[in-house]
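These notes concern the structure reproduced below.
What you see below is based on every heavy atom in this structure, not just the backbone, and it leaves out hydrogens, waters and symmetry mates.
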Amino acid sequence: MGAGGKAGLGMVGAAVTMLARKVTRRMMHDERGEPKLPRAARRSNSMTMVLIVAAASGVLLALAEILQEQRRHLEERQQHLANFT
């Protein structure tokens with residue numbers, strides 16, 4: 001994939017991230033614009049949120065690595081089959 005394709009994927013990824021954030025924020029607020037979370041959750045330690053974000057990031061990075069490995073394996077298999085034909 002060339003630089004243009006990677007830049008395009010980056011733009012699509014940024015747009016999806018922004019859309020997900022917007023939808024999530026909209027879902028987590030009531031009609032008056034106040035958070036729907038209970039008071040205890042709003043006062044919770046920010047360290048919990050940091051750990052949740054870190055775990056989610058790790059999951060996404062692992063998924064990306066697996067998808068890259070799968071694509072690389074598929075390309076190698078296709079090249080191997082092409083050598084026999």
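Through direct or relayed side-chain contacts under 4.5 Å between Ile, Leu, Val, Met, Phe, Trp and Tyr, Met27 connects to Leu19, Val23. Taking a 4.5 Å side-chain heavy-atom cut-off between Ile, Leu, Val, Met, Phe, Trp and Tyr, the cluster of Val12 extends to Val16.
For Gln79, there are no side chain to side chain contact (heavy atoms under 4.5 Å, CB included) partners two or more places apart in sequence or in a different chain. The salt bridge (Lys or Arg N to Asp or Glu O under 4.0 Å) search around Glu34 returns Arg32, not counting sequence neighbours. Partners of Met18 by side chain to side chain contact (heavy atoms under 4.5 Å, CB included), not counting sequence neighbours: none found. With sequence neighbours excluded, no residue satisfies salt bridge (Lys or Arg N to Asp or Glu O under 4.0 Å) with Arg72. Listed by chain and number, the residues in a side chain to side chain contact (heavy atoms under 4.5 Å, CB included) with Arg26 are Lys22 (sequence neighbours excluded). Arg21 is linked by a side chain to side chain contact (heavy atoms under 4.5 Å, CB included) to Arg25, counting only residues two or more places apart in sequence or in another chain.
At least one side-chain heavy atom of Gln78 sits under 4.5 Å from a side-chain heavy atom of Leu74.
Partner of Arg77 under the side chain to side chain contact (heavy atoms under 4.5 Å, CB included) criterion, out of His80, Glu75, His73: His73 alone.
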Check: residues 56-68 side-chain donor-acceptor pairs under 3.5 Å, at least two apart:
unit_1 : atom_1 : unit_2 : atom_2 : d
Ser57  : OG     : Val53  : O      : 2.9

